Amino acid sequence: MSVKIKPITDHEVYEVNGKEVYKDSYNNWIARESLTSAEHKAFANYKRGVINNPAFKPHKPATYL
């Protein structure tokens, strides 16, 4: 199963397989719908490799297999 991640607003809102993931006022990442374990893992990899990497501006969509 592939996981598609699309930035909506860099560092604030992303779409993971059509599910909205956003950062709350306490800097926690929250999903409006439950993410599967594959989606959690893919988003963690995306955070580490793209969101927390200052070299990536603007953030690009990604697909994890």
Side-chain angles (χ1 to χ4, degrees):
M1 172 187 167
S2 65
V3 178
K4 295 181 187 243
I5 300 174
K6 179 177 137 186
I8 305 300
T9 305
D10 285 358
H11 297 284
E12 293 178 27
V13 183
Y14 295 84
E15 190 175 274
V16 179
N17 280 351
K19 300 172 185 175
E20 186 176 282
V21 178
Y22 65 95
K23 190 181 265 190
D24 70 7
S25 57
Y26 298 105
N27 288 328
N28 298 313
W29 288 99
I30 308 293
R32 295 192 188 278
E33 298 177 53
S34 295
L35 299 178
T36 66
S37 59
E39 291 167 340
H40 272 290
K41 185 177 179 180
F43 189 71
N45 288 336
Y46 188 82
K47 278 192 319 186
R48 186 173 40 256
V50 178
I51 297 173
N52 296 336
N53 186 341
F56 282 96
K57 292 184 183 179
H59 296 167
K60 301 290 183 190
T63 300
Y64 291 86
L65 302 175

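Scope of the values below: all heavy atoms of this structure, side chains included, with no hydrogens, waters or symmetry mates. Quick caveat, the model's predicted, so the values are computed rather than measured.
In this structure, E33 does not pair ionically with K19, as no charged nitrogen and carboxylate oxygen lie closer than 4.0 Å.
Here the closest heavy-atom approach between residue A38 and residue V3 is recorded as O-CG2, 3.9 Å. The minimum heavy-atom distance linking V21 with A31 is given by the pair CG2-CB, 4.1 Å.
Side-chain contact between F43 and K47: present, with at least one pair of heavy atoms (C-beta onward) separated by less than 4.5 Å. Residues W29 and L35 form no side-chain contact, since every pair of their non-hydrogen atoms from C-beta on lies 4.5 Å or further apart.
The cluster map of Ile, Leu, Val, Met, Phe, Trp and Tyr, joined by side-chain heavy atoms under 4.5 Å apart, puts V13 and V50 in different clusters. A continuous path of ILVMFWY side-chain contacts below 4.5 Å connects I8 to I30, so both sit in one hydrophobic cluster.
Within a 6.0 Å radius of NZ in K6, no more than 12 heavy atoms belonging to other residues, nucleotides or ligands are found.
Going from atom CD1 of I5 over to atom CD of E39 covers 9.0 Å, rounded to the nearest 0.5 Å. Note that OH of Y46 and CG of N52 are 11.0 Å apart. Values are rounded to the nearest 0.5 Å.
Note on ring orientation: taking the six-membered ring where Trp is involved, the planes of H59 and Y14 are parallel (angle under 30°, cut-offs 30° and 60°).
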